[in-house]
*Asks:* 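Let me give you the structure first, and then I'll get to my questions.
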Amino acid sequence: MEEYLQSELDVPKSQITSLRNSQATRRMIIQEIQNFGQNPTIKFGDPILIYYAGHGGETSAPPGWDCEGSKTQMVIPYDCEAKVDGEIIHGIPDRTFGWLLKQLADKKGNNITVILDNCFSGSGTRAGKLTSEPSSRLHRGIRIASGFVNGGLKSHVLLAACSAGEYAREALSNLDIERVTYR
């Protein structure tokens, strides 16, 4: 994606933030999304692209979460399930991702495109109604503003590799290769 942005769309390297492997920790993913909102070179209405290619997962939703069924989906960062200072690092739930995007859109406008190339990505930016702040450790490090109401897809466009309950797979052998464009 980074190469495509630079070679095909002429996006300067200085305007690209890339987190790979051990850099793509929960803290850094969240911090970099928040940094977009603080970046003075990004003007209100400028296009913002957030691309994630990695693992995704789902888990039981904490009590009180407004979810379809009893599961919540999440992005799985590099350090997921690692222990830091006695605390287990969790994935980034779809609701947290949605909240981050709402905060970004409030500051920079809704010209945001999110591409999630991971399993269970269809709800990857879900923003359900919250009646109170969840106490789940899934939200450790993120504080949701009281009264937050569903920002949903008003803040961004989501391109997902699959639906909320599906695995994302690469299986070119199942495709009619003559109908697929490659570079």
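Note: hydrogens, waters and symmetry copies are ignored here, and every other heavy atom, side chains too, is used.
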*Asks:* Check whether any side-chain N or O of D117 sits under 3.5 Å from a backbone N or O of Y51 as a donor-acceptor pair, and report yes or no.
*Replies:*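 No, because the side chain of D117 does not come within donor-acceptor range (under 3.5 Å) of the backbone of Y51.
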
*Asks:* Does E2 offer a backbone N or O that forms a donor-acceptor pair with the side chain of K13 under 3.5 Å?
*Replies:* no

*Asks:* Not counting sequence neighbours, which residues clear salt bridge (Lys or Arg N to Asp or Glu O under 4.0 Å) with D106? List them please.
*Replies:*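 Once residues adjacent in sequence are excluded, the partners of D106 under the salt bridge (Lys or Arg N to Asp or Glu O under 4.0 Å) criterion are K102.
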
*Asks:* Search all heavy atoms of L49 against all heavy atoms of I115 and return the closest pair with its distance.
*Replies:*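 Taking L49 first and I115 second, the nearest heavy atoms are CD1-CD1, 3.8 Å.
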
*Asks:* State whether the side chain of D85 and the backbone N or O of E87 hold a donor-acceptor pair below 3.5 Å, judged by distance alone.
*Replies:*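 Flag not set: sc D85 to bb E87 has no pair under 3.5 Å.
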
*Asks:* So does R20 get a backbone contact from the side chain of Q23, meaning a donor-acceptor N/O pair under 3.5 Å?
*Replies:* yes

*Asks:* Considering all heavy atoms of both residues, which atom of H90 and which atom of P77 are nearest to each other, and what is their separation?
*Replies:*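 Looks like O-CG, 4.0 Å.
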
*Asks:* Are the side chain of R26 and the backbone N or O of G91 linked by a donor-acceptor pair below 3.5 Å?
*Replies:*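 Present.
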
*Asks:* For M74, does its backbone N or O pair with a side-chain atom of D94 as donor and acceptor, under 3.5 Å?
*Replies:*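 No: the side chain of D94 does not pair with the backbone of M74.
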
*Asks:* How many angstroms lie between atom CG of L116 and atom CD of Q73, to the nearest 0.5 angstrom?
*Replies:* 11.5 Å

*Asks:* Whether the T17 and N35 side chains hold a donor-acceptor pair (N or O, under 3.5 Å, no angle test) is what I'd like checked.
*Replies:* no

*Asks:* Taking the side chain as every heavy atom from C-beta outward, state whether I29 and L19 have any atom pair closer than 4.5 Å.
*Replies:*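 In short, these two side chains touch, coming nearer than 4.5 Å.
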
*Asks:* When you group the ILVMFWY residues by side-chain heavy-atom contacts below 4.5 Å and let the links chain together, are M1 and L9 in the same group?
*Replies:* yes

*Asks:* Looking only at heavy atoms, which two atoms of Y52 and I76 are closest? And how far apart?
*Replies:*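 Heavy-atom minimum between the residues: OH-O, 2.8 Å.
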
*Asks:* Working note: V11 + I16, criterion side-chain contact (heavy atoms from CB on, under 4.5 Å); need CA distance, chi angles, decisive distance, verdict.
*Replies:* CA-CA 8 Å; V11 176; I16 297 173; 3.8 Å; yes

*Asks:* Indicate the atoms forming the closest heavy-atom contact of S60 with T72, along with that distance.
*Replies:*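 For S60 and T72, the tightest heavy-atom pair comes out as O-CG2, 4.4 Å.
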
*Asks:* In Å and rounded to the nearest 0.5 Å, what is the CG to CG distance from D10 to L5?
*Replies:* 10.5 Å

*Asks:* With a 4.5 Å limit on heavy-atom distance, are the side chains of I48 and N111 in contact?
*Replies:*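 Answer no - side chains too far apart.
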
*Asks:* Sub-3.5 Å donor-acceptor pair from the side chain of S7 to the main-chain atoms of E3, do we have one?
*Replies:*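 Yes: the side chain of S7 pairs with the backbone of E3.
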
*Asks:* Minimum heavy-atom separation for T41 to D46, with atom names?
*Replies:* O-OD2, 3.8 Å

*Asks:* Identify the residue among D79, I30, V84 that makes a side-chain contact (heavy atoms from CB on, under 4.5 Å) with T25.
*Replies:*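 Filter result, single survivor: D79.
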
*Asks:* Test your reading of the model: is there a side-chain donor-acceptor pair from K108 to the backbone of I42, 3.5 Å cut-off?
*Replies:*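 Yes.
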
*Asks:* Looking at Y78, I want to see if its OH is surrounded by more than 12 non-hydrogen atoms of other residues, nucleotides or ligands under 6.0 Å.
*Replies:* no

*Asks:* Do F36 and I112 have side chains that approach each other closer than 4.5 Å (heavy atoms only, starting at C-beta)?
*Replies:* no

